[in-house]
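This one's a predicted model, so the numbers in the text were calculated from it and none came from an experiment. Numbering of ligands and ligand atoms starts at 1, following listing order. Each residue takes its place number in the sequence, starting with 1.
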Amino acid sequence: MANYKDIESTLIHGGVYGDRFTGAVNVPIYQTSTFEQEGLGKHKGWEYARTGNPTRHALETLIAELEKGKAGFAFSSGMAAITAVLSLFQTGDRVIISRNVYGGTFRVLDKIFRNFGIKYSFEDTSDLKSLTQKLSKDVKAILLESPANPLLTVTDIAGIGKIAKENGILTIVDNTFMTPYLQRPLELGADIVVHSATKYLGGHSDLIAGLVVVNSEELAERLGFIQNATGGILAPFDSFLLIRGIKTLAVRMDRHVENAQAVAKYLQNHEAVKQVYYPGLEGAQGYEVNQKQGKNGGAMISFELKAPYKISKFFSSLKLIALAESLGGVESLVCHPATMTHASIPEEKRKEIGISDALIRLSIGIESIQDLLFDLEQAIGESEK
Ligand SMILES: *Cc1c(COP(=O)(O)O)cnc(C)c1O
């Protein structure tokens, strides 16, 4: 493992660099399902491509270096990655999930893992004191996002990590919204990091992928076993695309965040806007904690329009910003959490955790800030009519 001063270099040169057989500067796409063996038990380290593929391996080494972990694992989606991590648990175990966790994470626990006797509870992980009181004997892990989807609630990762360690519980952080460029949970005391690499790591809205990084040899062994046994691996071509996307992560994120800061300020000062949720704004929930544990507030913003403004009109009036699920691509997207990303959470539960029907979520892309502000301004104007 090369040791670069800054993550900007590791993004480009980390993991496995190029191809030593030809000098190609990019890792080739090893589009093969199997590898010829010289004799019984004699092979070059590769046997069958579910177990290991050199292109996927290059990506797995890269993400492990970026998150400062012991080992990385690439899956066919963020949900496959989360499913593999949840497969560490057994009947009778309980997983605490942060209240604003990704809808799919809630769904897989509620509709799949519950059938196998793995329990979950929703807790406010941003409130360390009350969380400590919720740690019954059966709790084996705390799974959190910070900032969490879609209210951008910040959780003190180091604080959770400390409580978890004292109680022999695993801390799992879904770092999708921040990426290792902005925040490295393992350095803050987490045990496992998961990613929907579909989002910022891929960065171009052209692939579905998931990544896991663990902080110990023991977890590496268990996760490696689960990955091979259950088989939700990332294909060689998608592994290549993801390595390609990761190379430009630093420059993309800098621009994403610069634009998001400007959009958040604009919305905060707009008379049509009731509330802005963005951890990069001074005074926002968890602003100080986020500044301490991350580089900045990221590029996801949620907000609510005031009463006379019609959100359906707002959505249909946007021209540059596309109405779509997902986030983290170079293009700006907008979504309606109540009917889109968080529709799998029952209505009463949504209300309870503060996801109102008026909530709008923006994934700020890297377009011209002038064009973005112009699009928002004209759509807010239309929504008043
Ligand atoms: C999208 C997303 C997921 C799920 O990832 P997929 O790649 O869509 O399977 C998990 N967590 C967060 C925070 C996400 O945004």
message = Looking at non-hydrogen atoms alone, which of His195, Lys199, Glu325 comes nearest to atom 15 (O) of ligand 1?
response =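 Looking at heavy atoms only, Lys199 sits closest to atom 15 (O) of ligand 1.
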
ask   = By number and element, which atoms of ligand 1 are closer than 4.0 Å to a non-hydrogen atom of Ala209?
value =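 Here the atoms of ligand 1 in question are 7 (O).
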
message = Distance under 4.0 Å to a non-hydrogen atom of Ser77: what atoms of ligand 1 satisfy this?
response =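 Per the distance check, 7 (O), 9 (O).
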
Taking [atom] as the reference point, the nearest protein heavy atom with its distance:
atom                    : answer
atom 4 (C) of ligand 1  : Tyr102 CE2, 3.4 Å
atom 13 (C) of ligand 1 : Asp174 OD2, 3.3 Å
atom 5 (O) of ligand 1  : Ser196 OG, 3.0 Å
atom 9 (O) of ligand 1  : Met79 N, 2.9 Å

From CD1 (Ile364) to CD (Gln261), nearest 0.5 Å =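 Interatomic distance, Ile364 CD1 to Gln261 CD, rounded to 0.5 Å: 11.0 Å.
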
task = Starting at OG1 of Thr179, measure out to CD1 of Ile7 and round the result to the nearest 0.5 Å.
result =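 Here the interatomic distance stands at 7.0 Å.
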
inquiry  = Quick check: His270 with Phe303 (ring centres under 6.0 Å apart)?
reply    =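 No, they do not, as the ring centres are separated by 6.0 Å or more.
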
inquiry  = Using the ring centroid of each side chain, check whether Phe315 and His336 are separated by less than 6.0 Å.
reply    =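 Here the rings of His336 and Phe315 have centres that are less than 6.0 Å from each other.
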
Stepwise side-chain hydrogen bond (donor to acceptor under 3.5 Å, both in side chains) check, Asn100 with Ser98 = CA-CA 6 Å; Asn100 284 321; Ser98 49; over 6 Å; no

Under 3.5 Å, N or O to N or O, is [X] touching ligand 1 that way?
X      : answer
Ile82  : no
Thr105 : no
Thr198 : yes
Glu145 : no
Gly78  : yes

request  = Test salt bridge (charged side-chain N to carboxylate O under 4.0 Å, His left out) on Glu258 and Arg255 and set out the steps.
outcome  = CA-CA 5 Å; Glu258 187 187 316; Arg255 177 61 170 263; 5.1 Å; no

inquiry  = When you measure from the centre of the six-membered ring of Tyr30, is the NZ or CZ of Lys44 closer than 6.0 Å and no more than 45° off the axis?
reply    =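 Verdict for Tyr30: no cation-pi partner in Lys44.
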
message = Consider side-chain contact (heavy atoms from CB on, under 4.5 Å). Of Leu186, Val213, Leu88, which one does Ile192 pass it with?
response =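 By the side-chain contact (heavy atoms from CB on, under 4.5 Å) criterion, Ile192 pairs with just one of Leu186, Val213, Leu88: Leu88.
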
